[in-house]
S.K.: 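One structure is given below, represented as structure tokens, and several questions about it will come after.
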Amino acid sequence: MEIKEILNPQKLMIAVGVLTVILSIMGIMNGEQWAEYGWGEENVLAHDADYEKMWALHMMPLGVMAIGTGVFVTGRSLAQMSMLAPSVIVIIFVGMGVLTGDSEYSSETPPFSAIALPLLTILLTIALGIAGYLHKDDE
């Protein structure tokens with residue numbers, strides 16, 4: 001089986017979207033825990049969990065758009081969107097890294113069980129970009 005067949009932009013786009021929606025729901029349900037990972041257990045204020053929940057809620061539309069793109073877009077347009085999708089992740093990670101770097105956010109490292117799904121989503125997003133590139137000349 002060829003790598004181009006394995007890296008199917010449609011399936012990857014839908015998978016990334018579903019995982020993003022799941023992560024958003026988990027973030028909404030576990031805002032307090034994520035606030036503790038971000039600010040440190042002794043440094044969490046009452047509103048910090050709400051901010052984490054809102055951040056998770058704001059990520060959900062990206063997942064819904066990815067699912068919609070995977071379902072409704074085909075051919076070259078799907079490949080182009082697949083190449084564009086990883087840039088969103090880069091912008092979010094670099095932007096959040098810069099904005100949270102001076103505030104001592106991410107003071108506690110979450111356990112692997114808490115970051116396994118986000119890491120899988122990031123890896124699939126990278127694979128999605130590669131899939132888009134491989135299929136960019138398809139009809």
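Predicted, not measured: the structure shown is a model, and the values here were computed from it.
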S.K.: Taking salt bridge (charged side-chain N to carboxylate O under 4.0 Å, His left out) as the definition, give me every residue that meets it alongside K4, ordered by chain and number, with sequence neighbours left out.
M.R.: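 K4 satisfies salt bridge (charged side-chain N to carboxylate O under 4.0 Å, His left out) with D138 only.
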S.K.: More than 12 heavy atoms of other residues, nucleotides or ligands under 6.0 Å from CE of M54: yes or no?
M.R.: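 Yes, enclosed.
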S.K.: Does the S24 side chain pair with the main chain of M60, one donor and one acceptor, at a distance under 3.5 Å?
M.R.: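 Yes; at least one donor-acceptor contact below 3.5 Å.
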S.K.: Find out whether I130 and I126 are in side-chain contact, i.e. whether some heavy atom of one side chain is under 4.5 Å from a heavy atom of the other.
M.R.: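 Heavy-atom side-chain distance check passes, below 4.5 Å.
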S.K.: Taking the side chain as everything from C-beta on, heavy atoms only, tell me whether L78 gets closer than 4.5 Å to Q10.
M.R.: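 Answer yes - side chains close enough.
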S.K.: Decide if atom NZ of K136 counts as having more than 12 heavy atoms of other residues, nucleotides or ligands within a radius under 6.0 Å.
M.R.: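 Count over threshold, so yes.
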S.K.: Taking the side chain as C-beta and beyond, is there a heavy-atom pair between I91 and V88 under 4.5 Å?
M.R.: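 A side-chain contact is absent here, since even the closest heavy-atom pair is not under 4.5 Å.
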S.K.: Any side-chain heavy atom of L23 within less than 4.5 Å of one from M59?
M.R.: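 No, too far: nothing below the 4.5 Å cut-off.
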S.K.: How close do L128 and P9 get, heavy atom to heavy atom, and via which atoms?
M.R.: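 Closest approach of L128 to P9: CD1-O, 3.7 Å.
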S.K.: Examine distances only and state if a side-chain atom of T121 and a backbone atom of T20 form a donor-acceptor pair shorter than 3.5 Å.
M.R.: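 A pair under 3.5 Å: no.
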S.K.: For L45, does its backbone N or O pair with a side-chain atom of D48 as donor and acceptor, under 3.5 Å?
M.R.: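 Checked: pair present.
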S.K.: Ignoring hydrogens, what is the shortest heavy-atom contact between T125 and P86? Give both atom names and the distance.
M.R.: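 Closest approach of T125 to P86, heavy atoms only: O-CG, 3.2 Å.
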S.K.: With sequence neighbours left out, write down each residue that passes side-chain hydrogen bond (donor to acceptor under 3.5 Å, both in side chains) with Q33, or none if nothing qualifies.
M.R.: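 In terms of side-chain hydrogen bond (donor to acceptor under 3.5 Å, both in side chains), with neighbours along the sequence ignored, Q33 is linked to Y37.
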S.K.: Which side-chain hydrogen bond (donor to acceptor under 3.5 Å, both in side chains) pairs, counting each pair once, include a residue from residues 50-71, with sequence neighbours left out?
M.R.: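 Sorted pair list: E52-Y105.
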